[in-house]
Amino acid sequence: MSVWRDVIGQEKAVATLERAVRDPASMTHAWLFTGPPGSGRSVAARAFAAALLCPQGGCGECRECRTALDATHADVDVIATEGLSIKVEQARDLVALAAHRPSVGRYRVLIVEDADRLTERAADALLKALEEPTPRTVWMLCAPSVEDVIITIRSRSRHVRLRTPSVEAVADLLVRRDGVDHPMALYAARAAQSHVGMARRLARDEHARIRRHDVVAMATKIVTVGEAVDAAADLVTIAQEESAAASGERDAAEKARLLEILGADPSARTQPPHIRSQVSALEKDQKARATRFTRDVLDRSLVDLLSVYRDALVLRTGAGSALVNEDSRQVVTRVAEVLTAEQLLLAMDAVGTARERIDANVAPLLALEAMALGLRLPR
Amino acid sequence: MAPMTEDLVAVAHGVPPYVLVSGPESVLAERGLAEVLDRLRVAEPGLEVIRLYAGTYEGGELVLHTSPSLFGGAKCVVVHDVDEASDELQADLLACITDPPEPDLTLVVLHKSGQRGKRVLDALRGARARVVDAPAIKTDRDKTDFAAHEFRRARRKATPEAVHALVEAVGKDVRELAAACQQLVDDTTGVIDENTVLTYHGGKVEATGFRVADAALSGDTAEALRLLRHAIGVGVDPVPIVAVLAQQVRQLIRVGSAGRGRSADIARDVGMAPWQVDRARRALAGWNGETLAVCLQALAAADAEVKGGGRDPVYAVERVVLTITRQHARHREG
């Protein structure tokens, strides 16, 4: 057993990190992990943290290893955001934390999971701490690509590039770690396009499989203008319902807890002004979280939709690569029959544009409608 | 001043000891309040006016102000925003509404809307308070009535066309409308007709995203662009204009693809109000699915541009409006 067992398909990166653990000359104080979503950036960062803190250099069994992997170790802090961005206040807290000596281990490790979501001011606030670190403090930043963090952070950190793991590697991980049976693991890994977290969700949540199936089926159902607009509305409704289901109870619980902490009467119809301001601050955070969640769900649906056109293009051109949607071959074949290669590329473009637009704050419904209109099949 | 009975007080200045100004329209409420104070001042020039606000009220203040003063003299206590009153303020108000009322004291209570403070309102009505209504002025018809009433109040004649033109020009804000009426009354003589209004407010039209959308979807390029420029000129942001345009185009598509049937049924199916369905059906005359699709795609691009994706948001909206009117023309040719 080793701490690296869940870091799959990343032999080169793991070799680099292991050398840094063994050889102090190869170690440095700031690391930037990049790789496509689902390639295991934060898993790699945690494994690295565990290896640094473990007396045996990453046995995967001792207390240090286990707590570091769970991010419960006293000297490992994982910063992730559920909102749209990491704000400068949070970054300043981190800087203060970085100045502390480690309490039990050899290193103090700070893992920033969404370094791409650092606002520009927040990133600026980190620069000094990254450049002139306290001895024995190690920063680990995770981002999809080096272009997602500002250049001054990029130049202050050592870059570790992760690849998309192979479908087989992801399936093996699901079988080994989550106890999923092999055919299901293979389907999930393929459908999630090697996104580990997504594959796990698909393998274990029937709801997610049904939703993915519906989205894939959408590709052959849009013919008229009205159907396109309806399909877009469906996508948004699904995303919003999922977001509401995920956050509704939690939001209410958080609010009740806040009122309890403040000593306010939860049944009062209006709260005094100082409590109101706290409640509205919480509600603002929750709203940002819901927006992010809805956007993430939509983006996932769009990636699924994109895979249909990709598969159709594979069939159309006879490239012979494996299909992502092997289970929905009928849909893919139909799309490949009706659309020419050029039209398939245009359709993929339409999906890509919608993703970019939603990211740029365009009303999701409008962006999806424009996309769905571009995906209409000829009669 | 010698104590007087309630009836005598009422005779002296025509104001009962309790007044309730009820309704959300702030212009009317302020006017009602000013009228009460003016009348009181006629009888008592040294009237002391105390204003209390629900937001900053602290318990006991009302008792402090309503208890008789050592030096006598008439007082008027005005309590604002009772619709937001704390329980303390409500309790103090209820204690203050007594029978018989305190001499030399007039209590004016302002209540916008809602259920809060209902007990106070009931107590005031029970104590035979005068109720001044300040109903909301929302629709164009309300505004026309309001403006006509303004002129009647000033004993001036205004033609219906003039009133209509005035509401078109400055009808967005009731306060502005009231000020415009006052200006016309003060600065002109004789009958106020359409030309008089045009002299003062010529060429000005309240432009909102909705009116831009209406003009654009009816294919009237010149009018749409004029309204758009105007809307931007008076400070409407391009973002909501694009949102409204998109909403209207979407409604046309949904109603268009819903087919025939009673508008009430379709309204239920597509989640719109029946009048919206009827209006969309009328507007659909100049459109087909293909042209509407082009519009919606152009709007999505424009939305990205007005939200920071393009250099010039105003240009982006203008271009999309032109795209829409051009698509309308295309349908006519085809």
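Letters A, B, ... are given to chains in the order of the sequence lines, protein chains preceding strands, and every chain is numbered from 1.
Residues A:L373 and B:A293 approach most closely at CD1-O, 3.6 Å, considering heavy atoms. The two atoms that bring B:A246 and A:L366 nearest to each other are CB-CD1, 3.8 Å, heavy atoms only.
Contact annotation for B:A258: neither backbone nor side-chain heavy atoms come within less than 4.5 Å of a heavy atom of chain A. Contacts of A:A363 with chain B are made by both backbone and side-chain atoms, with heavy-atom separations under 4.5 Å. For A:A228, no part lies near chain B; criterion is any non-hydrogen pair under 4.5 Å.
By the neighbour-count criterion of 12 heavy atoms within 6.0 Å, atom CD of A:E283 is densely surrounded, having more than that number from other residues, nucleotides or ligands. When the shell of 6.0 Å around CZ of A:R292 is examined, it contains more than 12 heavy atoms from other residues, nucleotides or ligands. Shown here is A:I151, whose CD1 atom has no more than 12 heavy atoms of other residues, nucleotides or ligands within 6.0 Å.
Legend: residues meeting side chain to side chain donor-acceptor pair (under 3.5 Å) with A:S280, ordered by chain and number and at least two apart, are absent. A:R211 pairs by the side chain to side chain donor-acceptor pair (under 3.5 Å) definition with A:E242, not counting sequence neighbours. Checked against side-chain contact (heavy atoms from CB on, under 4.5 Å), A:D311 has the following partners two or more places apart in sequence or in another chain: A:L323, A:V324, A:N325, A:V332.
Ranking B:L296, B:V242, B:V270 against chain A, the residue ahead of the rest is B:L296, based on heavy-atom pairs under 4.5 Å. Of the residues considered (B:G308, B:G309, B:G256, B:A301), B:A301 shows the highest number of contacts with chain A, using heavy-atom pairs under 4.5 Å.
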Step through the atoms of chain A and chain B and list each donor-acceptor pair whose separation is under 3.5 Å.
from: A:D230; atom 1: OD1; to: B:R254; atom 2: NH2; distance (Å): 3.1
from: A:N361; atom 1: O; to: B:K307; atom 2: NZ; distance (Å): 3.0
from: A:A363; atom 1: N; to: B:D303; atom 2: OD2; distance (Å): 3.1
from: A:E369; atom 1: OE1; to: B:R250; atom 2: NE; distance (Å): 3.1
from: A:E369; atom 1: OE1; to: B:R250; atom 2: NH2; distance (Å): 3.2
from: A:E369; atom 1: OE2; to: B:R250; atom 2: NE; distance (Å): 2.6
from: A:A370; atom 1: O; to: B:Q297; atom 2: NE2; distance (Å): 3.0
from: A:R376; atom 1: NH1; to: B:E290; atom 2: OE1; distance (Å): 3.2

